[in-house]
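Working notes, structure below.
Basis for what follows: all heavy atoms, side chains included, without hydrogens, waters or symmetry-related copies.
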Amino acid sequence: MRKTPPRPQPGRVPGREPPRRGRQEAKAAPSRLPSFRGRNILGILGSWTLVAGIWCGVAVAAVLAFYAYDLPDVGQVAQAERRPTVTVLAADGSTIERYGDIYGTTINAADLPPNLVNAVIATEDRRFFSHFGIDPIGLLRAAFVNFQAGRVVQGGSTITQQLAKNLFLTPDRTMGRKIQEAMLAIWLERAYSKNQILTAYLNRVYLGAGTYGVDAAAKTYFNKPATEVNLREAATLAGLLKAPSRYSPTTNPDKAAERAGVVLGAMMDAGYITEADIRTMRSAPPTPRRKPEGDGDRYFADWVADQVSGFIGKEHDDVIVHTTMDRRMQRAAERRLSAVLTGAGVASRVDQGALVALGPDGSVRALIGGASYGASQFNRATQALRQPGSAFKPMVFLAALEAGMTADTLVDDSPVRIKDWQPSNFEKGFRGPMPLRDALAHSVNTAAIHLLERTGVDPVRAVARRLGVTSPMSRDLSLALGTSEVTLLELAGAYTAFANGGRAVWPYAVTSIQDNAGRVLYQRRGSGGATPVIDPVKLAELNRMLLAVVEYGTGKSAKLDRMAAGKTGTSQDYRDAWFMGFTADYVAGVWLGNDDNQPMKRVTGGGLPARIWHDFMIDAHAGLPARPLPGLDIAPPRPGAPMLVAEDTPPPGPTGALEDVPLIGQFQKLIQSLTGSGKVEYTYPERN
């Protein structure tokens, strides 16, 4: 049987056995296995990079989708919530202040002065006309500058991004908000032209003092529309974009000018202006500066603006508030108070002061709430509660008159000691029994305490309440020395009853409120004090006593060329100094002190406050004829001058004791019994 030859195997020659491999050949066998050396490393890296890029793209898309879902409805473009404006006018119709969001006329960017547009572009976004809403070069530059400074000193936002934030977003500094800002900026660039974006930005950007847009800012700071600003004013407005409050030309004129110089330099670098333009600008007369906010007008206006919602409710449109401010008196108050605070007050360690002036009907004609509104907006005329000292004593003496005493009733000037409380007088020593007239004129503390003890605390509190004092009052004898705190406006309102015939009034400043269409929303009616609260006879006697304070007492520095009455006040350790006074035409009060309650250098109410009051009242009464105070138709007695005493001497005090019968009355009766005369002359003693 024939045998089938074996099938040749691959790699082998039929009939010939392959040679046996040695030990060395066996080691080389692995070289036939697959090797990684042939792999392309760059290809591997490319593959992984592609994968990573895809995943990063997915992540970015997810983030964008997340923030896009939370984007505001861009269909509701530019309908920002706006606070209504409140315009406060003086009695003559001039504008004192405006509050709220103030927008000017919408002006196309093409119609604005080129210098204004170029100043904004040079400082905010030089590549505005070439980028697509985001400026990568600007972002890199800002990142580099911030890295060098170690803090954020420069932003990379374009004008389009800023507009997107102003139109649609909150000012929060978060990464999410910045992402949304960039997305909206790109959308704005696709939806609107560059001119439309620039127009919207210039008419919506905040520029300080409640103004939005360049037109409102130009009218507020320069009293002209934005279409009329010059190069200097354009640079000032553009400079406000960095920090509206810090570079305000009203509150910080020096910083505003410095910032305007930076803007002008940027405009030169960008090629918008030349050195010749700057020289021409500097040769032109500077724009008159608007009066800075550090004046007293803002104290008055703030006080008024806070009352508007009480008259017409919180929900209202733009309104115009007419007030009682007398511009001439306001300027005089500001001038007189400032002169002392920056002059004699410095050496006397006086940092603050306040002044209010009212008409007899309670109308506030002038109000200064501090040394500088720019430094402190706290209103020391309406908000500060301070001890009035002896300026409160007229309430005590009026209660005594209502209890049956008279100006001639004797009261003891003798030591007072209640437990650890031992008040003293400004002048050393004690004078013994003295008439109420002299006790008030010379502001004798111990006599006032003895008088309050006889009259009672509650009647004095009741008198003060009737006259309009609403602040809490103590129920002890320290009330006689004015230890219960009041505001200057509150106390001035109480004194108004002394000047108007005894009618209690509430100080007021708002006469009417209208909307922009002229519709009257509020109208003040009546005089505010129809019901008398002081008996005319008692009022006349009190006014004579307060007249003596100015004629020969502690208030001699306040003496005018007409009948004037008032009272000094000094709190413990010279922390507060007051002068409250009045004529037939005006009531005014002055307070001096320090916010930290530190003592002044022996400043009393009869010193600097009385001098301020005197100078202010001279200005206030310019051109007015002299008129007597209510109940006083003849000139007051002067120290050393004879005075006729009527035969019908007022009756003794309520106790009927001998000490309540005036010594002068006893002396008069003695003379009458000896001579049969119905009149007797006597003189007031001169007191220091």
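Side chains of Tyr495 and Leu358 form no contact here, defined as non-hydrogen atoms less than 4.5 Å apart. Contact of the Glu551 side chain with the Lys559 side chain is registered, since non-hydrogen atoms from C-beta on lie closer than 4.5 Å. At a threshold of 4.5 Å between non-hydrogen side-chain atoms, the residues Leu341 and Leu592 count as touching. Side-chain contact check for Val549 versus Lys567: some heavy-atom pair is nearer than 4.5 Å. Taking 4.5 Å as the limit, some side-chain heavy atom of Leu410 sits within range of a side-chain heavy atom of Pro435. Contact of the Leu451 side chain with the Thr455 side chain is registered, since non-hydrogen atoms from C-beta on lie closer than 4.5 Å. In this structure the side chain of Gln330 reaches within 4.5 angstrom of the side chain of Ile368, judged on heavy atoms. Side chains of Leu560 and His614 form a contact here, defined as non-hydrogen atoms less than 4.5 Å apart.
With sequence neighbours excluded, the residues that form a salt bridge (Lys or Arg N to Asp or Glu O under 4.0 Å) with Arg466 are Glu402. Qualifying ring pair (Phe, Tyr, Trp, His ring centres under 6.0 Å) partners for Tyr99, counting only residues two or more places apart in sequence or in other chains: none. Listed by chain and residue number, nothing satisfies the ring pair (Phe, Tyr, Trp, His ring centres under 6.0 Å) test with Phe430 (two or more places apart in sequence, or in another chain). Evaluation of the salt bridge (Lys or Arg N to Asp or Glu O under 4.0 Å) rule for Arg349 yields no partner, not counting sequence neighbours. The side-chain hydrogen bond (donor to acceptor under 3.5 Å, both in side chains) check on Gln514 picks up His322, with sequence neighbours excluded. In this structure, Phe300 has no ring pair (Phe, Tyr, Trp, His ring centres under 6.0 Å) partners at least two apart in sequence or on a different chain. In this view, Arg380 and Gln352, Ser376, Asp595 satisfy the side-chain hydrogen bond (donor to acceptor under 3.5 Å, both in side chains) rule, not counting sequence neighbours. Not a single salt bridge (Lys or Arg N to Asp or Glu O under 4.0 Å) links Arg611 to another residue, sequence neighbours left out. In terms of the ring pair (Phe, Tyr, Trp, His ring centres under 6.0 Å) criterion, residue partners of His621 (sequence neighbours excluded) are, by chain and number, Tyr586.
Here the side chain of Arg336 pairs no donor or acceptor atom with the backbone of Trp613 at under 3.5 angstrom. Without hydrogens or angle criteria, Asp318 side chain to Thr85 main chain gives a donor-acceptor distance under 3.5 Å.
Using a 4.0 Å cut-off between charged nitrogen and carboxylate oxygen, Arg335 and Asp619 count as a salt-bridge pair. Looking at Arg331 and Asp297, a side-chain N of the basic residue comes within less than 4.0 Å of a carboxylate O on the acidic one, giving a salt bridge.
Each of Leu608, Val550, Thr570, Leu355 was evaluated against Phe579; a single residue qualifies, Val550, per the side-chain contact (heavy atoms from CB on, under 4.5 Å) test.
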Atom pairs and distances, side-chain donor-acceptor, residues 386-393, under 3.5 Å, sequence neighbours left out:
| from | atom 1 | to | atom 2 | distance (Å) |
| --- | --- | --- | --- | --- |
| Arg386 | NE | Asp576 | OD1 | 2.6 |
| Arg386 | NH1 | Asn594 | O | 3.1 |
| Arg386 | NH2 | Asp576 | OD1 | 3.1 |
| Arg386 | NH2 | Asn594 | O | 3.3 |
| Arg386 | NH2 | Asn597 | OD1 | 3.0 |
| Gln387 | NE2 | Thr483 | O | 3.4 |
| Ser390 | OG | Lys393 | NZ | 3.0 |
| Ser390 | OG | Ser443 | OG | 2.9 |
| Lys393 | NZ | Ser443 | O | 3.3 |
| Lys393 | NZ | Ser443 | OG | 3.1 |
| Lys393 | NZ | Asn445 | OD1 | 2.8 |

Show every donor-acceptor pair shorter than 3.5 Å between a side-chain atom in residues 533-540 and any protein atom, with sequence neighbours excluded, or say none if there are none.
| from | atom 1 | to | atom 2 | distance (Å) |
| --- | --- | --- | --- | --- |
| Asp535 | OD2 | Val537 | N | 2.9 |
| Asp535 | OD2 | Lys538 | N | 3.3 |
| Lys538 | NZ | Leu401 | O | 3.3 |

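Legend: salt bridge (Lys or Arg N to Asp or Glu O under 4.0 Å) pairs involving residues 471-495, not counting sequence neighbours, sorted by first then second residue: Asp458-Arg475.
Within a 6.0 Å sphere centred on CG of Asn223, other residues, nucleotides and ligands contribute 12 heavy atoms or fewer.
Ring pair Trp578/Trp591 is perpendicular by interplanar angle, where above 60° counts as perpendicular and below 30° as parallel.
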